[in-house]
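Convention: sequence-line order gives letters A, B, ...; per-chain numbering from 1.
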There are 2 protein chains.
Amino acid sequence: MRPNKRDELVRKALQVFYRDGFHATGMDKLVVETGVSKTSMYKHFRSKEDLILAALQLRDESFRKWFLCRVEELADTPADQLIASFDVLGEWFQEDSFRGCMFIKAGAEYQEQDHPIHVHAATYKKLMLEFLTDLARKAGARDPKALGCQLLLLQEGAIVTAVLVKNCDPAKDAKTAARVLLENALG
Amino acid sequence: MRPNKRDELVRKALQVFYRDGFHATGMDKLVVETGVSKTSMYKHFRSKEDLILAALQLRDESFRKWFLCRVEELADTPADQLIASFDVLGEWFQEDSFRGCMFIKAGAEYQEQDHPIHVHAATYKKLMLEFLTDLARKAGARDPKALGCQLLLLQEGAIVTAVLVKNCDPAKDAKTAARVLLENALG
DNA sequence: GATAAAGTTTACCGATCTGTACATGTTGAG
DNA sequence: CTCAACATGTACAGATCGGTAAACTTTATC
């Protein structure tokens, strides 16, 4: 049984794109870093951008799965889970490989709103918003949509800040703010 | 008196980089878009990255100047100015040319923390944090640093969300949240 | 061993990349 | 008009870009 070359390619390409950027990573570099031949790449994917989309898809699934599972491990109630999501963010920020949000990067490098890569990044953010809004509803917020949006803003802000601002603890700051907003939304 | 070619180059290059990205924009394209010859470009700047840095510097100065002035025009007291800063964000988001934060893009495309471009992006965010923290202090917040950080998170989150999430009003959501956080910080 | 599927190697394509060199043209002050 | 400063135009360099083609090798199943 031969190892799945396509999956290996996507997995490794994801790492390279995440570390070095999309436009800044050429196909020849991917050959070297993934150990997969260029011919095989074009056998599995029609173009570089299709490969990027597959990498984003993998990132989407694996990261969200990890995130949601981790939130559920840390807290039982919807309200506690909303707060715990910021602890999970903090865990992520502490990882050596942390380089910010791959979907923010995708949206930044592919800015045309109808570009498939941009669309994929937007879809991912929409799913995170829905997750937060759903938890906010379950937690009994008077306006779950508003609270969900506000918590998303904190999360996105924390991610950007974790990349760019030194000597600060954005996950912790965001968690503190989230507590205040949650209390306000439930009270 | 000859128009300042260097300034014109930087101004136009800034627009192109903002619209199309840094790595995705080549020097030949800049020649076409700016009307400045490649020779002149290399006369004024040693490299493409030096030109990018100059563009970031221009963006830094012009945007912050506009932002701060606009905040002061909209409100008189520090507390009101903190809230008004979200209205100013909203104005920015409504501009046709809005494409998100150029410094987030710079940090995304140049991820090495010691890279001059990344450093410049980080410096910009630090200045915005100081601005908010200063206003928070003047507004009488018990912990101006914490409030400044929280409001920065909301602003950064609003910018990212304005780019990637449809059918939402991130500036308004952020403003609502900022009100709650400010009240909590002053009360 | 035979064989099909999968994958690699090598070379190539036209285009573009960042940056350099040199000849030529333009501008504005004196 | 002269002339220095500034800018343009053109061609080039070596490298890389995304992608293609053909020959060859490897793998796994029968």
### Message
Generate the contact string for nucleotides 18-23 of chain D. Rules: B means base contact, S means sugar-phosphate contact only, - means no protein heavy atom under 4.0 Å.
### Response
SBBBB-

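- Rounded to whole Å, the distance from CG on B:Leu30 to P on D:dT8 is 13 Å.
- Remark: P of C:dT27 and CD of B:Glu8 are 13 Å apart, rounded to the nearest angstrom.
- For the OP1/OP2 pair of C:dT8 and a distance below 4.0 Å, the side-chain nitrogens and oxygens of A:Ser40 include at least one atom meeting the criterion.
- No more than 12 heavy-atom neighbours from other residues, nucleotides or ligands sit within 6.0 angstrom of NZ on B:Lys138.
- Crowding of B:Lys12 atom NZ: a count of heavy atoms from other residues, nucleotides or ligands under 6.0 Å exceeding 12.
- Atom pair A:Asn4:CG and D:dT27:P shows a separation of 16 Å (rounding to whole Å applied).
- Atom P of nucleotide D:dC6 and atom CG of B:Leu9 are separated by 15 Å, given to the nearest angstrom.
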### Task
Dump the intermediate steps for salt bridge (Lys or Arg N to Asp or Glu O under 4.0 Å) on B:Lys172 and B:Asp87, then the final yes or no.
CA-CA 7 Å; B:Lys172 184 177 165 189; B:Asp87 291 320; over 6 Å; no

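- Phosphate contact (OP1/OP2 of C:dT27, side-chain N/O of B:Lys5, threshold under 4.0 Å): absent.
- Heavy-atom minimum distance, A:Gly157 versus A:Thr161: O-OG1, 2.6 Å.
- Relative ring orientation between A:Phe63 and A:Tyr124 is described as tilted, the plane-to-plane angle lying within the 30° to 60° band.
- Salt-bridge check for B:Arg19 with B:Glu33: passed, with a basic side-chain N closer than 4.0 Å to an acidic carboxylate O.
- Rounded to whole angstrom, the span from the CE atom of B:Met41 across to the P atom of C:dC17 amounts to 12 Å.
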